[in-house]
Amino acid sequence: MIWLLGGYMWLFIHRPFEVWPALGALQIERGYMLVMILVWMVTPGKSGLSNRIHAALGGLTLALLAAWLLSPYADMDGVTDVVESYFKVAVFYVLVVTTVRDERGLRRLGLAYLGAVSLYAAHSLLEFVGGRHEFRQGISRMIGVDVTYSDPNAFASTLLYSLPLALAFWLERPRRLPRILMLGFFGAICGCILLTGSRAGMVGLLFFGLIVLWIAFTRKGLFLLAGTAAAPLVVAVLSLALPEELQNRYLTLVDSSFGPPNAQSSAEGRLVGFEHGLRAWQRSPLVGHGPASFALASGLGSQAHNLYGQVLSELGLLGALALLGLVGCFTFNWLEARRLYREHPEMVLGADRYPRDLSYHLAGAMFINLLLLLLMGWAGHTLYRYNWQWFAAFQAVALHCVRLRAQACEQAACYSLPDLVLPRARPQPRGRAPAPEW
C-alpha cells in the first residue's frame, strides 16, 4: 500500500496526463485512486491514529462545503473542479493516516515524495533547456511541464516545499541517504527555483536558508555571525551563476527601478488582492462567496494572488477560523514532539547530544513547511493546494511514531521504530546462565 501511495504522489505532482494530452482521455488519476481505495479496503491492519489535526481539517472541509452550497456562483465553470480536487486530496489523506503506522512506512512515503518532486523538476529543467519557457515581465522564466501548477510561482512553490522534507532526511542520525545525493538534490531544487524568476520563491528560499542556519547554530551570536557572513557569499554566487536579466529581476525586491513597470504593479497586486478580499468579505462575512469565486465576487476578474484575501472572500469567517485552527494544530503537534523528547531523554539514541530519529525531524519539517505556506500565501492564492493536507498527514504519522517511542520508553523498553533495538548479548562462560539483556 505504501508504494501505491507513493505512485499516486508522483502522478499528482508530475501529472503526466497533462504533459501528454493523449493520456488525459484515459482518466489515469481517477482510475488509480479507485484501485488504491480497493486495495485499502482489503489491506489488513488498518486503524485510525489520534491527532488534533483531523478535527482542524474537518472544520476546514465543513467551511468549504457550507460556502459552496450557499454560494451564488456554485454553478460557474471551474468551481466544481476545485471542490472535486479538494476531496480527492482528502481521500488521500485518509488513506495515509490509516495505513502508514510506523517509521519505516513513513520513511518510504517521504522518499517517494522527494522522488516525485525530483522527476518533476528534472523533466521541467530538461524542457527548459530545450527552449520551453514563459516570457513574462521581460525575462524568460522556467515553468513546470504540467498545466495545473506550471505557473512559475506555483512551480517554485512546489519545489520549495520539498526542501524541509529533504532537510529531515539530512538531519536524521544515522543518515541513511548518501551525502552527495542530498547535496545534489538541494542544489538542483534551488537552481530550478532561481530559474523561475519567482520573487516569492526567492524570498521563501532565503527564509528557508535562515531556518537552516538557525538549526545549525544554536547560539544566537553564531547565528547572526553566520547570517552576516553568508549574505555577501549568496550575492556573489547569484551574480556569477544567474544571467543579468534574472539578477535584475531579483533586485526589484529592494529597488523597483531594476525591472519593468509591470514588475512593480505585480508586487502591489498582492496587496490589492488582500484589500479586495476584505471588501468582498464584508458583503458575506460568515461563509464568504464560495470556493473559486474571488474573481467574480471582488470584481477584479482575476485570482486573489493572496491567501488571506482569498480565504476571507471565498470561505468567510468560518474558513478563516478553520485555517487558523489548522495552523494551531500544526504548531501544537510540533511542540508536543519536542516536549516528548525533553521528557524522555533516553529516546535520543547514541553518544551525540543531537541525534534524533526521522519521525522527530519530519514533525519539525512539516512545521517549517507551515511557515513557508503562510509566507508564500502572501503572494499566491494557495488555499486549495494539496500541500496543506499532505503535510498534515505526514506530521500526524510522524507524531504517532514519536508517541509510540515515548510510550515504549515509559514502559522501560526503548524501541527504535519500527524494530526493537536490543544490546548485543555478551558471551557467557559455560555453566553460567546468561545475564538478562534488559
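Counting begins at 1 with the first residue of the sequence.
Side-chain N or O atoms of S313 include one that pairs as donor or acceptor with a backbone N or O of Q310 at under 3.5 Å. No donor-acceptor pair closer than 3.5 Å links the side chain of Y120 to the backbone N or O of L159. Between the side chain of W388 and the backbone N or O of T382, at least one donor-acceptor pair lies under 3.5 Å. Remark: side-chain polar atoms of H289 are paired, donor with acceptor, to backbone N or O of A280 under 3.5 angstrom. Side-chain atoms of H361 come within 3.5 Å of backbone atoms of L171 as a donor-acceptor pair (strictly under, hydrogens ignored). In this structure a side-chain-to-backbone donor-acceptor pair under 3.5 Å is present from R283 to A297. Panel note: side chain E172, backbone D357; no donor-acceptor pair is recorded below 3.5 Å. Remark: side-chain polar atoms of R101 are paired, donor with acceptor, to backbone N or O of V97 under 3.5 angstrom. When atom types are taken as modelled, the side chain of S298 and the backbone of F294 share a donor-acceptor pair closer than 3.5 angstrom. A donor-acceptor pair under 3.5 Å is formed between the side chain of E18 and the backbone N or O of T148.
Annotation: R52, atom CZ; neighbour count of heavy atoms from other residues, nucleotides and ligands within 6.0 Å is above 12. The local environment of CH2 in W68 is sparse, with at most 12 non-hydrogen atoms from other residues, nucleotides or ligands closer than 6.0 Å. By the neighbour-count criterion of 12 heavy atoms within 6.0 Å, atom CZ of F186 is densely surrounded, having more than that number from other residues, nucleotides or ligands. For I180, the CD1 atom counts as loosely surrounded, since its 6.0 Å shell holds 12 or fewer non-hydrogen atoms of other residues, nucleotides or ligands. Around CZ of R179, the count of heavy atoms belonging to other residues, nucleotides or ligands within 6.0 Å does not exceed 12.
Using a 4.5 Å heavy-atom cutoff, the side chains of L372 and F367 are not in contact. The closest side-chain heavy-atom distance from I193 to M202 is not below 4.5 Å. Counting only heavy atoms from C-beta outward, the side chains of V19 and H123 approach each other to under 4.5 Å. Contact of the L114 side chain with the S162 side chain is registered, since non-hydrogen atoms from C-beta on lie closer than 4.5 Å. Using a 4.5 Å heavy-atom threshold, the side chains of V145 and S150 count as separate. Taking the side chain as every heavy atom from C-beta outward, L163 and I368 never approach each other to under 4.5 Å. Residues M41 and K46 fail the side-chain proximity criterion, which asks for heavy atoms closer than 4.5 Å. Proximity of M1 to V39: side-chain heavy atoms (C-beta onward) are separated by under 4.5 Å at one or more points.
Residues N369 and P164 come closest through the heavy atom pair OD1-CG, 3.4 Å. A392 and I53 get closest at one heavy-atom pair: CB-CD1, 3.5 Å. The shortest non-hydrogen separation linking D102 to C401 is C-SG, 3.5 Å. Shortest non-hydrogen contact noted between A320 and L312 is CB-CD2, 3.9 Å. In plain terms, the two heavy atoms of G105 and I2 that are nearest each other are O-CG2, 4.0 Å. Y32 and L4 get closest at one heavy-atom pair: OH-O, 2.9 Å.
Interatomic distance, CG of L57 versus CG of N51, reported as 9.5 Å (0.5 Å rounding). The distance from atom CG of L318 to atom CG of L323, rounded to the nearest 0.5 Å, is 12.5 Å. A distance of 10.5 Å separates NE2 in H381 from CG in L307, rounded to the nearest 0.5 Å. A distance of 11.0 Å separates NE2 of H276 from CG of L278, quoted to the nearest 0.5 Å. To the nearest 0.5 angstrom, L95 atom CG is 6.0 Å from I37 atom CD1. Here the CG-CG distance, from L362 to L106, works out to 5.0 Å after rounding to the nearest 0.5 Å.
A ring pair (Phe, Tyr, Trp, His ring centres under 6.0 Å) with W334 holds for exactly one of Y360, F394, Y341; it is Y360.
Of the N and O atoms on the side chains of E314 and Y384, at least one donor lies less than 3.5 Å from an acceptor on the other residue. No donor-acceptor contact under 3.5 angstrom links the side chains of R132 and S124, judged on distance only. For the 3.5 Å distance criterion, the side chains of W40 and T98 qualify, holding a donor opposite an acceptor.
Every residue two or more places apart in sequence or in another chain was checked for a ring-ring contact (aromatic ring centres under 6.0 Å, His included) with F330, and none qualifies. In this structure, the side chain to side chain contact (heavy atoms under 4.5 Å, CB included) partners of L119, at least two apart in sequence or on a different chain, are W10, H14. A search for side chain to side chain contact (heavy atoms under 4.5 Å, CB included) contacts involving A379 returns A200, R270, not counting sequence neighbours. Residues passing the side-chain hydrogen bond (donor to acceptor under 3.5 Å, both in side chains) test with S50, sequence neighbours excluded: none. For R339, the salt bridge (Lys or Arg N to Asp or Glu O under 4.0 Å) partners at least two apart in sequence or on another chain are E343.
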Test V287 against L315 for side-chain contact (heavy atoms from CB on, under 4.5 Å), laying out the working first. CA-CA 5 Å; V287 295; L315 303 186; over 6 Å; no
Run E134 and M142 through side-chain contact (heavy atoms from CB on, under 4.5 Å) and show every step you take. CA-CA 7 Å; E134 180 178 290; M142 182 177 174; over 6 Å; no
Audit row: L11, F17, side-chain contact (heavy atoms from CB on, under 4.5 Å) steps and yes/no: CA-CA 8 Å; L11 201 63; F17 44 87; 4.1 Å; yes
Passes side-chain contact (heavy atoms from CB on, under 4.5 Å), F135 versus R141? Steps please. CA-CA 6 Å; F135 190 83; R141 306 176 64 176; over 6 Å; no
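For R15 and F12, the positive end sits near the middle of the six-membered ring, less than 6.0 Å away and at most 45° from its axis.
Salt bridge absent: R108 and E103 never bring a charged side-chain N and a carboxylate O closer than 4.0 Å.
Sequence neighbours left out, the pairs with a member in residues 83-106 that pass ring-ring contact (aromatic ring centres under 6.0 Å, His included) are Y8-F92, H54-Y93, F92-W390.
Relative ring orientation between W378 and Y308 is described as tilted, the plane-to-plane angle lying within the 30° to 60° band.
Y149 and F155 have their aromatic ring centers separated by at least 6.0 angstrom.
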